[in-house]
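Here is the structure we will look at.
Below, chains carry the letters A, B, ... as their sequence lines are ordered, and counting in each starts from 1. Quick note: numbers below take in every heavy atom, side chains included, and nothing from hydrogens, waters or symmetry partners.
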There are 2 protein chains.
Amino acid sequence: MLCSVRDQFWNAGYAATSLQDLMRVSGLGKGSLYAAFGDKHELFLRVLRRYVASLDHAVRGSIDSAPRAVDALRSFVMLPVGDPAGRAARRGCLLANSTTELASADPVVAAEARRAYEGITAVLAEGVRRAQVEGDLSASVDPSGLARALLATQQGLTFMGRAGMDVETLAATAHSLATQLLPTAVDRRDSVDPPRGPGDPVAPAPGVPRSATSPTGRTSPSAAS
Amino acid sequence: MLCSVRDQFWNAGYAATSLQDLMRVSGLGKGSLYAAFGDKHELFLRVLRRYVASLDHAVRGSIDSAPRAVDALRSFVMLPVGDPAGRAARRGCLLANSTTELASADPVVAAEARRAYEGITAVLAEGVRRAQVEGDLSASVDPSGLARALLATQQGLTFMGRAGMDVETLAATAHSLATQLLPTAVDRRDSVDPPRGPGDPVAPAPGVPRSATSPTGRTSPSAAS
DNA sequence: CCAATTCTTGACCGATCGGTCCACCATGAA
DNA sequence: TTCATGGTGGACCGATCGGTCAAGAATTGG
């Protein structure tokens, strides 16, 4: 039920969603909606927080479960082009859309956005550190700095998708950016850095064949309904 | 006058701006507003198109007037952190905000956004080509591809600013991304590519000292009132 | 089978929305 | 001074907004 409400806010935005829309997609009467969730703003915050928690969980799980952290980082950047049909790309991200619409007028939403993005940055930075230990990223880069760059890049790609860029072009751009920000093993082969750190403390299978496509389990918050 | 209206839409968004707001910021009565600009949507489109034209003109002028095109490309990526106080960063970009809010419901705005971003991409690609001729960028990269990557990155930085990232962190992230996507002359010195193309057909001062800060004239559409 | 209780519903509220329209006034020509 | 005129402002319109509430349906305990 909350998923239908989330989709409504996701598709139309906060201001453009009326109580009638919420009644229609939820199947509940106006009074029931109010009794169950409070007013429109509270309902929106509830849906948004659920989405943020799902998003955070998905990113954390993707990075934690990836055999090589750098692959999870790459798949994070490629998230906006995960849907081959491009419908997900056209919707954008609920948190990003809500932040853009409400950040300057709704301090609660703004605070939620800050918290969420700081959390994701921390998770990404942890992934960067693991990728450094695994020898897939240069140890000289600042993990938090790269994490912020990855997040900003992913948000930019998400926006370009929402702005209507066709999916093939978007995918090519995402691939190019991911490659430039996260040089893979084959790219690093002709690098000046040693191809592998001292010992491989974490990497479970150092000789696993590398692939440009994201090998990690696909976890999209839009599917968590 | 239109600038005040633009700022109102910019700060509050389309749906959250009422006719009373427009009357207040414009100083005009409701009837006068309607007689002069038509309904709210038409007024918004007028303001948006003015903004897009100003933006396009600013980017084109910045690239055309830069002694080295790569500097203009760099300053384009750094645009979101142009305001030291961070107030401009917090507002975001009117076109980006409007696209995020209305893209899925207003085909006119969506088409305007596509057109604008395609135009900016073309201008950036032209800048990339010039930077390649000037020897500041590797000739092997696809100009349009790099242009799209620069645009997506800039939009991502713009969004992170709107999402509340503090200006110093944002500036550091922007600097890092610009450096990775646009290796400057000092970065290229240890590159495998020849440090300068055959002859210097366009570059007026090949030995001019390079600077990390944007040397091009600052042209921000928010100042075009 | 009935009654107490919980839950749902849609009518209703004042406020405000975007849009229309007409009385009014400032101006300029006669 | 008078009249014609065009631009202005605000009253007014129906529609819709978010929110409230009492009546009735559904459920449960006895």
Side-chain angles (χ1 to χ4, degrees), chain A residues 1-51 94-95 97-112, chain B residues 1-51 94-95 97-113 225:
Chain A
M1 208 285 293
L2 283 177
C3 293
S4 305
V5 174
R6 176 204 60 190
D7 290 337
Q8 172 63 36
F9 280 125
W10 201 339
N11 290 324
Y14 177 77
T17 293
S18 69
L19 279 193
Q20 283 202 9
D21 294 326
L22 298 176
M23 290 167 58
R24 178 173 44 78
V25 301
S26 69
L28 266 58
K30 204 179 277 193
S32 304
L33 263 180
Y34 197 86
F37 307 107
D39 60 12
K40 177 187 175 183
H41 189 249
E42 277 186 61
L43 174 56
F44 172 75
L45 282 182
R46 177 152 174 171
V47 163
L48 183 66
R49 290 192 173 114
R50 232 176 63 109
Y51 178 87
L94 173 61
L95 177 61
N97 296 352
S98 305
T99 301
T100 301
E101 179 183 0
L102 303 170
S104 58
D106 192 328
V108 181
V109 172
E112 201 74 27
Chain B
M1 208 287 290
L2 283 178
C3 293
S4 306
V5 174
R6 176 204 59 188
D7 289 337
Q8 172 63 36
F9 280 126
W10 201 340
N11 289 325
Y14 177 77
T17 293
S18 69
L19 280 191
Q20 283 202 9
D21 294 327
L22 297 176
M23 290 167 59
R24 178 173 43 81
V25 300
S26 68
L28 266 59
K30 203 178 279 194
S32 305
L33 262 181
Y34 197 87
F37 307 107
D39 59 12
K40 176 187 175 183
H41 189 249
E42 276 186 60
L43 175 56
F44 172 74
L45 282 182
R46 175 151 177 171
V47 164
L48 183 65
R49 290 194 174 112
R50 232 175 64 108
Y51 177 87
L94 173 62
L95 177 61
N97 296 352
S98 305
T99 301
T100 301
E101 179 183 359
L102 303 171
S104 58
D106 192 328
V108 182
V109 172
E112 202 74 27
S225 50

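- As rounded to whole Å, 12 Å separates atom P of C:dA11 from atom CD of A:Gln20.
- Each side-chain hydrogen bond (donor to acceptor under 3.5 Å, both in side chains) pair with one or both residues in residues 28-37 of chain A, not counting sequence neighbours, would appear here, but there are none.
- Interface limits on DNA chain D: the 5'-most and 3'-most nucleotides within less than 4.0 Å of chain A heavy atoms are D:dC17 to D:dC21.
- Screening residues 40-49 of chain B for salt bridge (Lys or Arg N to Asp or Glu O under 4.0 Å) gives B:Arg49-B:Glu112 as the qualifying pairs, with residues at least two apart or on separate chains.
- Shown here are the side chain to side chain contact (heavy atoms under 4.5 Å, CB included) partners of B:Ala105, two or more places apart in sequence or in another chain: there are none.
- By the side-chain hydrogen bond (donor to acceptor under 3.5 Å, both in side chains) test, B:Ser104 is found to be paired with A:Arg162, residues two or more places apart in sequence or in another chain being considered.
- A heavy-atom distance below 4.0 Å to DNA chain C is reached by these residues of residues 25-37 of chain B, ordered by number: B:Lys30, B:Gly31, B:Tyr34.
- Listed by first and then second residue, the salt bridge (Lys or Arg N to Asp or Glu O under 4.0 Å) pairs involving residues 13-27 of chain B are B:Asp21-B:Arg24 (not counting sequence neighbours).
- Put simply, CG on B:Asp39 is 14 Å from P on C:dC21, counting in whole angstrom units.
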Show the numbers, then the answer: is there a side-chain contact (heavy atoms from CB on, under 4.5 Å) between A:Tyr51 and A:Ser98? CA-CA 11 Å; A:Tyr51 178 87; A:Ser98 305; over 6 Å; no

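- Looking at residues two or more places apart in sequence or on another chain, you find a side chain to side chain contact (heavy atoms under 4.5 Å, CB included) between B:Asn11 and B:Asp7, B:Arg91.
- Residues that satisfy the side-chain hydrogen bond (donor to acceptor under 3.5 Å, both in side chains) test with B:Thr17, not counting sequence neighbours, are B:Gln8.
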